[in-house]
**Student:** 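Can you read through this structure? Questions will come right after.
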Amino acid sequence: MNRIATMVLKNLHVVPGAFAKLWRYAANPEKYEELEMWSQIHYVMDRAVKGGNIDLKVTGLENLPEKDGFMLYGNHQGLFDVVAIAATWERPLAAVLKKELENVPLLKQIRLCTNSFCMDREDVRQSLEVIQNVTREVQKGRNYLIFPEGTRSKNGNVMGEFHGGSFRCAVKAKCPIVPFAVIDSFKVLDQKGSKPVTVQLHYLDPIPYEEFAGLKATEVAALVKERIQAAIDANT
């Protein structure tokens, strides 16, 4: 049996109600408190982790800034990365997703509830609009997640190129950056069957704006990637 089926079957008693509530929130997100909607997302993702025979080992939660208005950047190994992060966060978090995920069921509802944005990397104008929108939202005190590789790595724990443009939001917003490293997340959906698997999620020390002020976006990308690589090397 594949892992997604296992997640659903083990949570069959809560799936209909949980999904119905998310769909209701997504239909009119302006009617609900952000924390209420996020708490439901957090609950669903936590149930998915526990129902999928996944041992999620998390470190560094104490590194998350107490004050909202920061950006989270990390390596990307697959859709489970988002599940793992949402399952470990009790504060609202939005994301920048690739355009292809815009209307995928469940992801669409989560996007609408969190005011997340979809970016079309082939459309320069649209990409710039997303950067401007995220910058404004972070300046207002919201937190955003971006995978700077742009797409998942297909080489396991080996990272792809970090795109400098992904860091323009943090540079323009002058906000802290929280790097994170995921390890073995690709195994959750890439491996056949649903036997137990261990995934690591490491939240690293925040990088205050003062540390990267004056750097080009490509230089900030290199700095963040270097720290994530060090975490991967230390834990594999």
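Nothing here was measured: the structure is a model prediction, and the numbers come from that model.
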**Student:** I'd like to know if the side chain of S116 reaches the main chain of L112, judged simply by a donor and an acceptor atom lying under 3.5 Å from each other, with no hydrogens or angles considered.
**Tutor:**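 Checked: no pair found.
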**Student:** Please check this pair: side chain of T6 against backbone of G52, looking for a donor-acceptor N/O pair closer than 3.5 Å.
**Tutor:**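 No; zero donor-acceptor contacts below 3.5 Å.
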**Student:** Show the nearest heavy-atom pair for residues G69 and N143, with the distance to one decimal.
**Tutor:**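 Reported closest heavy-atom pair: N-OD1, 2.7 Å.
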**Student:** Could you check R152 against D190 for salt bridge (charged side-chain N to carboxylate O under 4.0 Å, His left out), going step by step and ending with a plain yes or no?
**Tutor:** CA-CA 12 Å; R152 57 163 289 184; D190 284 2; 2.6 Å; yes
**Student:** Under a 3.5 Å cutoff, is there a donor and acceptor pairing between the side chains of D233 and Q229?
**Tutor:**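 The answer is yes; a qualifying pair exists.
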**Student:** Do side-chain atoms of Q77 reach the backbone of S153 as a donor and acceptor pair under 3.5 angstrom?
**Tutor:**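 Absent.
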**Student:** For the CG atom of N115 and the OH atom of Y144, what is their distance to the nearest 0.5 Å?
**Tutor:**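 Reported to 0.5 Å precision, the distance equals 4.0 Å.
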**Student:** Using the rule that Ile, Leu, Val, Met, Phe, Trp and Tyr join whenever any side-chain heavy atoms are under 4.5 Å apart, tell me whether V15 and V83 fall into a single cluster.
**Tutor:**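 Yes, it is one cluster - the side chains of V15 and V83 are joined through contacts under 4.5 Å.
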**Student:** Run the numbers on L204 and I228 for side-chain contact (heavy atoms from CB on, under 4.5 Å), then give the verdict.
**Tutor:** CA-CA 8 Å; L204 311 181; I228 294 172; 4.3 Å; yes
**Student:** Applying side-chain hydrogen bond (donor to acceptor under 3.5 Å, both in side chains), can you list everything that pairs with D46, at least two apart in sequence or on another chain?
**Tutor:**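 Only K50 meet the side-chain hydrogen bond (donor to acceptor under 3.5 Å, both in side chains) criterion with D46.
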**Student:** Provide the full list of side chain to side chain donor-acceptor pair (under 3.5 Å) pairs with a residue in residues 166-185, sequence neighbours left out, each pair given once.
**Tutor:**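 Sorted pair list: D81-S185, N157-D184.
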**Student:** Give the C-alpha distance, both sets of side-chain angles, the deciding distance and a yes or no for side-chain contact (heavy atoms from CB on, under 4.5 Å) between I146 and M71.
**Tutor:** CA-CA 8 Å; I146 292 184; M71 296 202 64; 3.5 Å; yes
**Student:** What's the verdict on side-chain contact (heavy atoms from CB on, under 4.5 Å) for V199 and K187, showing C-alpha distance, side-chain angles and the deciding distance?
**Tutor:** CA-CA 8 Å; V199 174; K187 294 180 179 179; 5.9 Å; no
**Student:** Scan residues 202-226 for pairs that pass salt bridge (charged side-chain N to carboxylate O under 4.0 Å, His left out), counting only residues two or more places apart or in two chains.
**Tutor:**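 Matches after skipping sequence neighbours: E211-R227.
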**Student:** Is the closest side-chain heavy-atom distance between V224 and F212 below 4.5 Å?
**Tutor:**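 V224 does not reach F212 side chain to side chain.
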**Student:** Among all residues two or more places apart in sequence or in another chain, which pass the ring pair (Phe, Tyr, Trp, His ring centres under 6.0 Å) test with H76?
**Tutor:**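 Listed in chain order: F147.
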**Student:** Name all residues meeting the ring pair (Phe, Tyr, Trp, His ring centres under 6.0 Å) criterion together with F167; count only those two or more places apart in sequence or in a different chain, and write none if there are none.
**Tutor:**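 In terms of ring pair (Phe, Tyr, Trp, His ring centres under 6.0 Å), with neighbours along the sequence ignored, F167 is linked to Y73.
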**Student:** Are any side-chain N or O atoms of R3 and backbone N or O atoms of L189, one a donor and one an acceptor, separated by less than 3.5 Å?
**Tutor:**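 No, because the side chain of R3 does not come within donor-acceptor range (under 3.5 Å) of the backbone of L189.
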**Student:** Holding to ring pair (Phe, Tyr, Trp, His ring centres under 6.0 Å), I want the full list of residues that pass it with F186, two or more places apart in sequence or in another chain.
**Tutor:**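 Residues passing ring pair (Phe, Tyr, Trp, His ring centres under 6.0 Å) with F186: none at all.
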**Student:** For the hydrophobic clusters of this structure (ILVMFWY residues joined by side-chain heavy atoms under 4.5 Å, transitively), does one cluster hold both Y209 and L215?
**Tutor:**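 The answer is yes; both residues are in one hydrophobic cluster.
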**Student:** Just verifying a value: how many Å separate D123 CG and S127 OG, rounded to the nearest 0.5 Å?
**Tutor:**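 Here the rounded value is 6.0 Å.
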**Student:** Taking all atoms of both residues into account, what is the closest heavy-atom pair of M37 and P29, and its distance?
**Tutor:**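 Scanning both residues, the minimum pair turns out to be CE-O, 3.6 Å.
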**Student:** For M119 versus V130, what's the shortest heavy-atom pair and its separation?
**Tutor:**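 In this case the closest contact between M119 and V130 is CE-CG1, 3.7 Å.
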**Student:** Between M7 and I54, which heavy-atom pair has the shortest distance, and what is it?
**Tutor:**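 That would be CE-CD1, 3.7 Å.
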**Student:** What is the distance from atom OH of Y25 to atom CD of Q109, rounded to the nearest 0.5 Å?
**Tutor:**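 The OH atom of Y25 sits 14.0 Å away from the CD atom of Q109.
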**Student:** Apply side-chain hydrogen bond (donor to acceptor under 3.5 Å, both in side chains) to Q200 and list each qualifying residue two or more places apart in sequence or on a separate chain.
**Tutor:**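 So Q200 forms a side-chain hydrogen bond (donor to acceptor under 3.5 Å, both in side chains) with H202.
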**Student:** Under 3.5 Å, sequence neighbours excluded: what are the donor-acceptor pairs made by side chains of residues 158-165?
**Tutor:**
from, atom 1, to, atom 2, distance (Å)
H163, NE2, E149, O, 3.2

**Student:** Test side-chain contact (heavy atoms from CB on, under 4.5 Å) on F70 and I177; report intermediate values, then the result.
**Tutor:** CA-CA 6 Å; F70 57 88; I177 289 173; over 6 Å; no
**Student:** Is the number of heavy atoms from other residues, nucleotides or ligands within 6.0 Å of CG (L79) greater than 12?
**Tutor:**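 No.
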**Student:** Keeping to residues at least two apart or across chains, list the salt bridge (charged side-chain N to carboxylate O under 4.0 Å, His left out) pairs with something in residues 11-36.
**Tutor:**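 Sorted result for residues 11-36: E34-R142.
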**Student:** Among the clusters formed by ILVMFWY side chains lying less than 4.5 Å apart, do I110 and F80 turn up in the same one?
**Tutor:**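 As far as the 4.5 Å side-chain criterion goes, F80 and I110 are connected within one cluster.
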**Student:** Going by the rule ring pair (Phe, Tyr, Trp, His ring centres under 6.0 Å), which residues pair with Y43 if we only count those two or more places apart in sequence or in a different chain?
**Tutor:**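 Scan of Y43 (ring pair (Phe, Tyr, Trp, His ring centres under 6.0 Å), adjacent residues dropped) gives none.
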**Student:** Any non-hydrogen side-chain atom of F180 less than 4.5 Å from a side-chain atom of V182?
**Tutor:**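 Sidechains of V182 and F180: in contact.
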**Student:** If you round to the nearest 0.5 Å, how far is OG1 of T114 from CD of E137?
**Tutor:**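 Answer rounded to 0.5 Å: 10.5 Å.
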**Student:** Please check if W38 and L145 belong to a single hydrophobic cluster, counting links between Ile, Leu, Val, Met, Phe, Trp and Tyr side chain heavy atoms closer than 4.5 Å.
**Tutor:**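 The answer is yes; both residues are in one hydrophobic cluster.
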**Student:** Drop me the distance from L201's CG to T59's OG1, to the nearest 0.5 angstrom.
**Tutor:**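 Rounded to the nearest 0.5 Å, the CG-OG1 separation comes to 7.5 Å.
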**Student:** Donor-acceptor pairs are to be reported for all side-chain atoms of residues 87-99 against protein atoms at under 3.5 Å, with residues two or more places apart or in another chain.
**Tutor:**
from, atom 1, to, atom 2, distance (Å)
T88, OG1, A84, O, 3.3
T88, OG1, I85, O, 2.9
T88, OG1, Y203, OH, 2.8
W89, NE1, Y203, OH, 2.7
R91, NH1, P65, O, 3.1
R91, NH1, E66, O, 3.3
R91, NH1, D68, OD1, 2.7
R91, NH2, P65, O, 2.7
K99, NZ, E102, OE1, 3.1

**Student:** Please name all residues satisfying side chain to side chain contact (heavy atoms under 4.5 Å, CB included) with V104, sequence neighbours left out, ordered by chain then number.
**Tutor:**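 Partners of V104 by the side chain to side chain contact (heavy atoms under 4.5 Å, CB included) criterion, ordered by chain and then number, come out as L101, L107.
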**Student:** So, N63 side chain and P206 main chain: donor-acceptor pair closer than 3.5 Å or not?
**Tutor:**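 No; judged by distance alone, with no hydrogens or angles, the pair does not exist.
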**Student:** Could you tell me which non-hydrogen atom of L22 sits nearest to which non-hydrogen atom of C113, and how far apart they are?
**Tutor:**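 Nearest heavy atoms, L22 then C113: O-SG, 4.1 Å.
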**Student:** Please give me the minimum heavy-atom distance between T135 and I131, naming the atom from each residue.
**Tutor:**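 For T135 and I131, the tightest heavy-atom pair comes out as OG1-O, 2.7 Å.
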**Student:** Using the rule that Ile, Leu, Val, Met, Phe, Trp and Tyr join whenever any side-chain heavy atoms are under 4.5 Å apart, tell me whether L56 and L72 fall into a single cluster.
**Tutor:**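 Cluster IDs for L56 and L72 match.
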